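Position 1 is the first residue of the sequence, and the numbers go up from there. What you see is a predicted model, and the numbers here were worked out from it, not measured in a lab.
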Amino acid sequence: MAEGSTKNSCCFECCIKCLGGIPYASLIATILLYAGVALFCGCGHEALTGTVNILQTYFEMARTAGDTLDVFTMIDIFKYVIYGIAAAFFVYGILLMVEGFFTTGAIKDLYGDFKITTCGRCVSAWFIMLTYLFMLAWLGVTAFTSLPVYMYFNLWTICRNATLIEEANFCLDLRQFGIVTVGEEKKLCSPSDNFLRMCESTELNMTFHLFIVALAGAGAAVIAMVHYLMVLSANWAYVKDACRMQKYEDIKSKEEQELHDIHSTRSKERLNAYT
C-alpha cells in the first residue's frame, strides 16, 4: 500500500509539473487565432462562392474570355489568398506556441536551469515585431471584409423595403459598388422577376450572414494578435529580467569563489607561519 501511494504521489507531482509548463496565455491566444482564421477563411470562401452564384444567376453576368481582370477573376484571387492565410497562420500559431513553451518560467522546473542567449532575445523581439505587423494586416482585412457586408446589407434592405412598400420601384446598380465598369449596365429593379427571385431565395440571406461571420472571424484574429502582443511583451520582459539575473548570479558566484580563494590562501599562510 505504501509503495502504491508513493507511485500515485509521484504521478500526481509529474502531472502538476506538466500542467505548470503549459503557457496558458499563449494557448488561449492560439485557440482564438485558429477560431478566427477558421471562421474567416471558411465562411469567406463560401460567401465568395455564393456571390458568384448570385451574379451569374440573377444579374446574368458571365466570365470574360481571355486574361481580362473581371469580378470573377478577382473572386478567384481572393479565394487563393484565403488558402494562403489559412496555411500561413496555422504555422504561425504553432511557432508562437513553441515560443511560449520555451519562455515560460516552468521550463526551469521541468528541464533544469537554462541559459538566456542573445539569439533567444532576438527571436523574441522578432516575434513581437512580426506579430505587430500581422495585427495591422488583420485590421486591414477586417476593414476590407466590412465592404461586402455593407453591400449585402444594402441589398437586403432594398429587398425588405420592396416587400413592405407596394408598387415601389427600387433598383440596385452594380456600378455603384465598382463590380462592373461604367460602360456596363447590370441593374436589377424590384418589378423584375430576377429581383423577386433573388430576394425570396435563401442564397442571399446565407451569403449575407456568411460575410458577417467572416467579419467576426477577422475581428477575432485581431483580438488574438493583440493578445499575442501582450504575451510576447511579457515574455520579453521575463527574458530580459532572467538575463540580468543570470549575469548577477555569475558575478556573485565569481566573487564568492574569489573570496573563498583569498580565505584559503590566508589560512595556508597563517598555518605556514605558525609551523
Side-chain angles (χ1 to χ4, degrees), residues 32-64 68-89 134-164 170-190 192 194-225:
L32 185 60
L33 175 64
Y34 282 170
V37 172
L39 288 176
F40 172 77
C41 294
C43 295
H45 183 275
E46 292 302 315
L48 290 174
T49 303
T51 301
V52 171
N53 294 332
I54 290 174
L55 293 176
Q56 290 178 340
T57 304
Y58 304 109
F59 287 90
E60 298 178 352
M61 293 182 62
R63 291 180 178 270
T64 305
T68 306
L69 187 63
D70 58 356
V71 63
F72 298 106
T73 305
M74 292 297 297
I75 288 175
D76 291 337
I77 293 174
F78 291 150
K79 287 183 178 180
Y80 285 117
V81 171
I82 285 175
Y83 300 149
I85 289 175
F89 279 93
F134 281 149
M135 183 197 69
L136 296 179
W138 273 109
L139 283 174
V141 170
T142 304
F144 183 78
T145 309
S146 64
L147 296 178
V149 173
Y150 171 73
M151 293 166 57
Y152 272 95
F153 176 76
N154 286 338
L155 182 56
W156 178 78
T157 304
I158 291 174
C159 288
R160 186 184 62 176
N161 292 336
T163 57
L164 294 177
F170 295 100
C171 292
L172 177 69
D173 195 343
L174 295 182
R175 291 177 296 183
Q176 296 175 341
F177 305 103
I179 296 178
V180 296
T181 60
V182 179
E184 299 180 66
E185 185 176 354
K186 295 295 181 180
K187 183 168 60 174
L188 275 183
C189 294
S190 53
S192 64
N194 284 342
F195 183 88
L196 296 176
R197 287 192 298 110
M198 181 184 64
C199 292
E200 293 174 356
S201 67
T202 59
E203 192 172 26
L204 177 63
N205 286 329
M206 180 61 69
T207 305
F208 177 39
H209 288 92
L210 284 173
F211 271 121
I212 293 176
V213 176
L215 178 62
V222 172
I223 297 174
M225 289 293 104

Given Leu210 and His45, is the side-chain contact (heavy atoms from CB on, under 4.5 Å) satisfied, shown in steps?
CA-CA 9 Å; Leu210 284 173; His45 183 275; over 6 Å; no
What's the shortest heavy-atom distance between [X] and [Y], and which atoms?
{"X": "Ala214", "Y": "Gly44", "value": "CB-N, 3.8 Å"}
{"X": "Gly217", "Y": "Leu39", "value": "CA-CB, 3.9 Å"}
{"X": "Ala86", "Y": "Val37", "value": "CA-CG1, 4.0 Å"}
{"X": "Thr207", "Y": "Gly50", "value": "OG1-CA, 3.8 Å"}
{"X": "Val141", "Y": "Ala218", "value": "CG1-CB, 4.4 Å"}

Spacing of [atom1] belonging to [X] relative to [atom2] belonging to [Y], to within rounding of 0.5 Å:
{"X": "Glu203", "Y": "Thr49", "atom1": "CD", "atom2": "OG1", "value": "10.0 Å"}
{"X": "Phe40", "Y": "Thr145", "atom1": "CZ", "atom2": "OG1", "value": "4.0 Å"}
{"X": "Ser146", "Y": "Ile212", "atom1": "OG", "atom2": "CD1", "value": "12.0 Å"}
{"X": "His209", "Y": "Leu204", "atom1": "NE2", "atom2": "CG", "value": "10.0 Å"}
{"X": "Leu48", "Y": "Ile82", "atom1": "CG", "atom2": "CD1", "value": "5.0 Å"}
{"X": "Leu139", "Y": "Phe134", "atom1": "CG", "atom2": "CZ", "value": "13.5 Å"}

Residues at least two apart in sequence or cross-chain that pass side chain to side chain contact (heavy atoms under 4.5 Å, CB included) with Met74, listed by chain then number, are Leu69, Ile77, Phe78
Inset, instruction - Would you indicate whether the side-chain heavy atoms of Ile85 and Cys41 approach each other to under 4.5 Å? - result: yes
(Q) Could you check whether any side-chain heavy atom of Phe195 comes within less than 4.5 Å of a side-chain heavy atom of Tyr58, counting everything from C-beta outward? (A)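 No, too far: nothing below the 4.5 Å cut-off.
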Results of side chain to side chain donor-acceptor pair (under 3.5 Å) for [X] - residues two or more places apart only:
{"X": "Asp76", "result": "Arg63"}
{"X": "Arg197", "result": "Asn194"}
{"X": "Glu46", "result": "none"}

Ring pair (Phe, Tyr, Trp, His ring centres under 6.0 Å) filter on Phe211, not counting sequence neighbours, yields Tyr152
Fill in: Residues Trp138, Phe89; criterion ring pair (Phe, Tyr, Trp, His ring centres under 6.0 Å); working and verdict
CA-CA 11 Å; Trp138 273 109; Phe89 279 93; 5.3 Å; yes
Those residues at least two apart in sequence (or on a different chain) that pass disulfide (SG to SG under 2.5 Å) with Cys43 are none
